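Just below is one structure, and these are the notes that go with it.
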Amino acid sequence: MREFESLRQDAETIVARYERKQAAMLPVLRLVQERFGAITTEAEEWVGELLGVAPSHVHEVVTFYTLFHQQPVGTYHIQLCHNIACALRGAEGCLAQLTERLGIRPGETTPDGTFTLSTVECLCACEAAPMLQLNDRYVGPLIPSLIDQLIRSPESLVSMPSSFQGVVGLAEPVLSKRFSLKDSASIETYVRDEGYQAARNTLTEMTPDHVIAEVTKSNLRGLGGAGFPTGKKWSFIPKESAKPKFLVVNADEGEPGTIKDRYLIEKDPHRLLEGMIIAAFATGCRKAYIYIRGEYAQPTRILQHAVDEAYQYGFLGKRIFNTNVELDIVIHRGAGAYICGEEGALLESLEGKKGFPRLRPPFPAISGLFASPTVINNVETLACVPTIIQQGGEWFAKRGFETSGGTRLFSLSGHIRRPGLYEASHGIMLRELIEAAGGVSEGRRLKAVIPGGISAKILRADEIDVRMDFDSLLAAGTMAGSAGIIVMDDTTCMLRALWYAAKFFAHESCGQCSPCREGTGWVFKIVDRMVRGQGRSQDLDALLGIATGMEGRTICVFADAAAWPVQSYITKFRDEFECHIREGRCDLSVASSKITVS
């Protein structure tokens, strides 16, 4: 293991950031892989010795996360997104062209070691569909000339363009107000626009109880998907604790159809950091971790630079704004596991383990990270906090609808003319958002819409006159979720669309609970057989029965989320599914095999 000793100094620097050695597992493994190209058995033994854990535990972590490799990949690793949003815009055609041009199939490397081709689940860049990740760069939308350039001169490829499309129905933007500014991510730009003033006022003029009361008054709800009232969540953190208290930011954006957190981090990272300072003050936290999605390499670099800037300005560290308040922030990059967006799995991963959801109680507010009181909030949720302090809770609440205060960022993708990110009030109608994005292509008709990421139950075209707040969508039989809106026109085969959803959930199940592990795999096998023209008359009722058996019987809600597409697609489009079984074929496809030009 002598070869790994060259990494010891860097590895020990990483370890020093954490309360426990084992928590440095993911960044240390990434360090090894970046230096040596893969994580071998010898590397696992060295990491185990460094962190004080058994090599078998290191091995189970390496094999759990998709971004860790036990064998080297090519110089250029092409990871093509193969989920529903990209499929709707021609990902299958892209895959066919790449396979033919490179002479390899997914999972293989060219004989000269130049390219490795992989298909992956959603990379959360749905506005640029179809797209891929080349090493750590996002590239898209893919057109034939871009694929030619990729094969001829991969280094010449530029990252995909921004697709923030503006506000809908608002007098002025809130969350996106700085997106269009030059150097919007820099601290100089942020400070010139009254940045960190809300945090200064909070720390010098307010009490923690006052902050929580204002956030409660704002009707801010968790914008990661659950919609739990933020002020109430903060109030659960005990005021007095013998253990340190932690703030954890969930930046593990992975819900197919969702792009919002990436834009906030890339375009306005200091808004997030200011929200964190206020949240940490309100809950008594002196240490914060940002758990960011592993695939988000460029957002991680931008965010780390912003953290460094904030330290330089004295906005982080000790005696912030000449008060007794202190806050340190560590950015912790994930390693490829959708389940780590679930708060229990996120905490397990942050502690250097497999991303297995935790049994509750105890809840994180009492026993979370390192068995200490922990508050967990999504990026977008915390990004709202500076505005609430600046403008007041009542002002923010009025910008929303009923119990959902403020505005939020909506991600639109699929069969839509202007895919991208939009900001609007919670009270906007789904139809208004689709029309603002240009609707479906001329000559086509709207068929279905997923309103809140792939987990949300689908809506038919005649069900889109619904407000986009949490309660209205719940009453409509679906959910707001992550506000990832995926639009499907009348060329979409609903069986094929369900195939992509079933494939996703079967791939991403952590495997801890039997109903989920077996159920997701069983669902995908049946749907896959139906897609191949081998459907049976009993399949639809079997699928619905399996879905019912998965709901409410597992540690987390992943199994429920996997069941909801099955239930809604079959229930709302049963005639189409029955036609597939009867005819053994389909006249529609989820998208043209040709590469589309956006």
Side-chain angles (χ1 to χ4, degrees), residues 3-4 6-7 10-11 25-47 58-83 86 91 94-125 130-140 142 146-160 254 292-301 333-338 340 349 354-355 503 507-508:
E3 61 183 318
F4 301 107
S6 62
L7 301 179
D10 289 342
M25 178 74 73
L26 267 58
V28 169
L29 286 171
R30 179 171 287 106
L31 176 69
V32 171
Q33 181 165 287
E34 288 176 348
R35 185 71 60 87
F36 295 101
I39 301 171
T40 61
T41 301
E42 292 76 19
E44 291 173 354
E45 292 174 357
W46 182 81
V47 172
V58 180
H59 181 71
E60 71 176 8
V61 170
V62 170
T63 54
F64 182 84
Y65 296 95
T66 60
L67 296 186
F68 292 140
H69 310 303
Q70 294 174 283
Q71 297 293 330
V73 295
T75 304
Y76 299 102
H77 190 186
I78 300 171
Q79 298 179 85
L80 179 72
C81 180
H82 198 242
N83 204 269
C86 280
C94 296
L95 179 59
Q97 286 210 15
L98 286 167
T99 299
E100 180 181 356
R101 295 286 300 277
L102 295 172
I104 55 174
R105 294 175 296 179
E108 296 178 346
T109 300
T110 55
D112 63 359
T114 301
F115 292 103
T116 294
L117 177 63
S118 302
T119 56
V120 296
E121 296 301 333
C122 188
L123 290 166
C124 287
M131 58 80 60
L132 56 80
Q133 185 167 19
L134 180 67
N135 293 348
D136 64 2
R137 276 183 295 164
Y138 276 17
V139 178
L142 296 175
L146 201 59
I147 289 181
D148 288 339
Q149 185 181 356
L150 166 64
I151 294 172
R152 286 186 289 101
S153 180
E155 289 295 337
S156 68
L157 287 172
V158 297
S159 297
M160 65 187 191
I292 188 167
R293 178 174 184 168
E295 290 88 345
Y296 280 4
Q298 179 65 4
T300 299
R301 287 191 285 267
R333 195 169 158 196
Y338 168 82
C340 290
S349 182
K354 295 184 295 184
K503 174 174 69 74
H507 179 269
E508 297 294 344

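In this text, all values refer to a predicted model and were calculated from it rather than measured experimentally.
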Side chain to side chain contact (heavy atoms under 4.5 Å, CB included) assessment of C340 paired with Y65:
CA-CA 10 Å; C340 290; Y65 296 95; 4.0 Å; yes

Please round to the nearest 0.5 Å and tell me the distance separating atom NE2 of H77 and atom CG of L67.
9.5 Å

Any side-chain heavy atom of I151 sitting closer than 4.5 Å to one from Q97?
no

Heavy-atom closest contact (F68 atom, V62 atom, distance)
CB-O, 3.6 Å

Can you check whether T109 reaches F115 side chain to side chain, under 4.5 Å on heavy atoms?
no

Can you name the side chain to side chain contact (heavy atoms under 4.5 Å, CB included) partners of R137, sequence neighbours left out?
L134, E155, L157, S159

Of the non-hydrogen atoms in L132 and L123, which two are nearest, and what is the gap between them?
C-CD1, 4.2 Å

Any C124 side-chain heavy atom under 4.5 Å of R293 side chain:
yes

Do T40 and Q70 meet the criterion of a side-chain donor-acceptor pair at a distance under 3.5 Å?
no

Before you tell me yes or no, could you show the steps for D136 and R301 under side chain to side chain contact (heavy atoms under 4.5 Å, CB included), namely the whole-Å CA-CA distance, both residues' side-chain angles and the distance that decides it to 0.1 Å?
CA-CA 11 Å; D136 64 2; R301 287 191 285 267; 3.1 Å; yes

Kindly determine whether I39 and V58 satisfy side chain to side chain contact (heavy atoms under 4.5 Å, CB included), including the steps that lead there.
CA-CA 10 Å; I39 301 171; V58 180; 5.7 Å; no

Please give me the minimum heavy-atom distance between T66 and H69, naming the atom from each residue.
O-CE1, 4.1 Å

Side-chain contact, heavy-atom cut-off 4.5 Å: P72 with F36?
no

Do Y138 and Q298 have side-chain heavy atoms sitting under 4.5 Å apart?
no

Can you find a heavy atom in the side chain of V120 that is under 4.5 Å from one in the side chain of L80?
no

For R30, is there any backbone N or O sitting under 3.5 Å from a side-chain donor or acceptor partner on R333?
no

Any donor-acceptor N or O pair under 3.5 Å, side chains R152, Q149
no

Pairwise distance CD(E508) to CG(N83) - rounded to 0.5 angstrom:
9.0 Å

N135 side chain to T75 backbone, donor-acceptor under 3.5 Å:
yes

Scanning both residues in full, the closest heavy-atom pair of R35 with S6 reads NH1-OG, 3.8 Å

Looking at every non-hydrogen atom in both residues, tell me the closest pair between G140 and M160 and how far apart they are.
O-CB, 3.2 Å

For a side chain to side chain contact (heavy atoms under 4.5 Å, CB included) check, start with the C-alpha distance between V139 and L150, then their side-chain angles and the critical distance, and finish with the verdict.
CA-CA 9 Å; V139 178; L150 166 64; over 6 Å; no

Distance from I147 atom CD1 to R101 atom CZ, nearest 0.5 Å?
8.0 Å

Measure across T99 and I104 and return the closest heavy-atom pair with its distance rounded to 0.1 Å.
CG2-O, 3.1 Å

Could you tell me whether the side chain of T116 reaches within less than 4.5 Å of the side chain of Y76, counting heavy atoms only?
no

So, do K503 and H82 sit near enough that their side-chain heavy atoms are less than 4.5 Å apart?
yes

Looking only at the side chains, is there a donor atom on one of H507 and E121 sitting less than 3.5 Å from an acceptor on the other?
no

Any chance you could measure S349, atom OG, to L26, atom CG, to the nearest 0.5 Å?
4.5 Å

Which distance, rounded to the nearest 0.5 Å, do you find between the CD of Q133 and the SG of C81?
10.5 Å

Atom pair CG/CG of L117 and L95 - distance to nearest 0.5 Å
6.5 Å

